[in-house]
> 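The structure follows.
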Amino acid sequence: MTRAGFVALIGEPNAGKSTLLNRMVGAKVSIVTHKVQTTRARIRGVAMEGDSQIVFVDTPGLFQPRRRLDRAMVAAAWGGAADADVVVLLIEAHRGVTEGVERILEGLADIGKGRKVALAINKIDRVQSEVLLALTKDMNDRYAFADTFMISAEKGHGVQALREWLAGEVPEGPWLYPEDQIADLPMRMIAAEMTREKLTLRLHQELPYQMTVETESWEERKDGSARVEQIIYVVRDGHKGIVLGHKGETIKAVSKAAREELTEFLGRKVHLFLQVKVRPNWLEEAERYSEMGLDFKDGA
Ligand SMILES: Nc1nc2c(ncn2[C@@H]2O[C@H](COP(=O)(O)OP(=O)(O)OP(=O)(O)O)[C@@H](O)[C@H]2O)c(=O)[nH]1
Ligand SMILES: [Mg+2]
């Protein structure tokens with residue numbers, strides 16, 4: 001008998017949700033940075049464990065939303081949890097029960113009804129084991145988790161136990177995706193995300209938040225290569241200058257890094273062309289949200 005179901009990964013920004021998704025899937029399908037609010041929409045990655053197909057749903061971090069984009073992201077995250085068969089709450093071992101975690105527990109009182117919620121204490125490589133026992137007790141006193149796992153999404157510790165447990169928890173039924181499919185996200189979006197990751201890693205403070213990347217065209221060429229054009233939208237002239245960098249150095253480095261990653265992902269040659277456009281109002285444009293996989297109305 002086969003099993004298949006959706007497992008939503010939720011938690012505060014930076015908890016390690018995307019890192020865990022990538023490890024479970026065995027490929028990088030969701031971008032990862034050391035900054036908060038990296039993931040903007042729901043990203044599905046597919047993992048097989050025995051006869052079970054586990055469809056992991058990476059979600060944007062849960063935080064107190066202020067702006068339209070924040071609200072749309074947080075709505076997408078809770079929506080992911082509400083649609084899932086099982087929810088995994090990730091918290092950071094070294095940060096413990098933060099105010100943000102407390103607020104998520106309040107939200108779980110509702111979303112957790114009718115589905116199991118597991119706790120994954122992540123980044124255990126950063127703490128002593130005594131801390132973990134106290135944190136496990138504290139969290140389980142606050143919420144009736146189905147089980148608790150201590151993991152390091154980055155190093156891989158404890159991840160297999162979580163995976164095996166989830167394989168037994170997803171409902172019986174036919175697989176939802178072909179066995180060899182690892183992601184459910186259009187290639188043009190994966191490519192845009194790769195560029196956004198490289199930019200985010202190189203830019204500072206608010207700029208990553210105020211920028212978005214879209215794949216404008218994708219052309220398959222006769223020689224087997226792909227020609228990809230992307231637009232980087234920023235809100236101010238000054239930001240354009242920063243993205244370009246001195247003598248275009250920043251954009252050149254970003255383009256090279258993104259092209260290399262995309263080439264490796266596709267296993268064939270890629271020609272990547274990046275263009276920066278100033279669009280002061282993009283954060284209020286419905287089309288930008290649908291390109292990101294978000295619902296514009298959720299941000300209202
Ligand atoms: N030390 C340590 N760092 C980790 C671990 N897992 C993830 N990280 C790091 O934590 C940072 C955030 O990881 P992400 O996977 O992007 O976190 P996220 O929860 O998806 O963040 P958002 O998309 O912003 O909500 C990155 O710098 C990761 O390398 C871990 O097990 N140990
Ligand atoms: Mg993420």
Side-chain angles (χ1 to χ4, degrees), residues 7-45 56-67 69-81 87-96 98 100-101 103-104 107 118-129 131-132 135 148-163 183 185 189-190 192-194 196-213 261 292-294:
V7 173
L9 306 175
I10 67 165
E12 283 192 278
N14 227 32
K17 302 175 292 296
S18 302
T19 306
L20 181 61
L21 175 100
N22 292 339
R23 181 166 283 281
M24 289 292 192
V25 171
K28 186 162 152 194
V29 296
S30 194
I31 65 171
V32 170
T33 78
H34 57 287
K35 298 190 180 166
V36 296
Q37 297 170 36
T38 298
T39 306
R40 285 182 175 166
R42 273 173 265 177
I43 293 176
R44 288 177 185 171
F56 286 96
V57 184
D58 186 15
T59 66
L62 292 163
F63 56 101
Q64 273 202 313
R66 287 180 294 135
R67 297 169 276 202
L69 178 58
D70 297 346
R71 288 191 291 272
M73 283 163 55
V74 169
W78 279 122
V87 172
V88 178
L89 169 63
L90 266 84
I91 66 168
E92 291 170 277
H94 60 290
R95 294 184 66 225
T98 59
V101 168
R103 268 197 298 275
I104 294 172
L119 174 67
I121 302 178
N122 189 30
K123 311 196 184 181
I124 57 167
D125 52 290
R126 297 192 57 168
V127 297
Q128 303 287 320
S129 52
V131 176
L132 295 173
L135 184 53
T148 300
F149 297 86
M150 298 178 195
I151 66 168
S152 170
E154 194 169 75
K155 310 249 184 299
H157 307 304
V159 170
Q160 185 54 22
L162 173 58
R163 194 185 164 103
L185 195 68
M189 208 187 260
I190 293 180
E193 287 285 276
M194 284 175 180
R196 192 164 64 82
E197 181 193 79
K198 304 309 170 208
L199 278 163
T200 302
L201 291 172
R202 277 177 183 78
L203 302 173
H204 298 292
Q205 287 142 13
E206 276 292 273
L207 218 169
Y209 179 88
Q210 297 184 357
M211 132 211 121
T212 192
V213 182
E261 190 163 306
M292 281 185 262
L294 286 173

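Just follow the structure's listing: the first ligand is 1, and inside any ligand the first atom is 1.
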> Ignoring hydrogens and geometry beyond distance, is a side-chain donor-acceptor pair present between Thr39 and Ser18 at under 3.5 Å?
yes
> My understanding is that only one of Leu89, Val36, Val101 makes a side-chain contact (heavy atoms from CB on, under 4.5 Å) with Glu12; could you say which?
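When side-chain contact (heavy atoms from CB on, under 4.5 Å) is applied between Glu12 and each of Leu89, Val36, Val101, only Val101 qualifies.
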> Looking at ligand 1, would Gly11 count as a contact under a 4.0 Å heavy-atom criterion?
no
> Evaluate Thr39 for polar contact with ligand 1, using N/O atom pairs at a separation under 3.5 Å.
yes
> Mind checking whether Asn122 contacts ligand 1 via backbone (N, CA, C, O), side chain (CB onward), both or neither, at a 4.0 Å heavy-atom cut-off?
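Answer for Asn122: side chain.
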> Go through the steps for Tyr209 and Lys35 under the test side chain to side chain contact (heavy atoms under 4.5 Å, CB included), then give the verdict.
CA-CA 10 Å; Tyr209 179 88; Lys35 298 190 180 166; over 6 Å; no
> Would one find an N or O of Arg126, backbone or side chain, under 3.5 Å from an N or O of ligand 1?
no
> Are any of the N/O atoms in Ser152 less than 3.5 Å from those in ligand 1?
yes
> Quick check on the Mg ion (ligand 2): does Thr38 put an N/O/S atom closer than 2.8 Å to it?
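So Thr38 does not bind the Mg ion (ligand 2) by this criterion.
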> Check each of Val32, Thr33, Thr19 against atom 11 (C) of ligand 1 and report the one with the nearest heavy atom.
Thr33
> For ligand 1, find out whether one of its N or O atoms is nearer than 3.5 Å to an N or O atom of Pro13.
no
> Once you restrict to heavy atoms under 4.0 Å, what part of Lys123 touches ligand 1? Side chain, backbone, both or neither.
both
> Relative to ligand 1, is Val36 under 4.0 angstrom through side chain, backbone, both or neither, heavy atoms considered?
backbone
> Purely on distance, is any nitrogen or oxygen of Gly61 under 3.5 Å from one on ligand 1?
yes
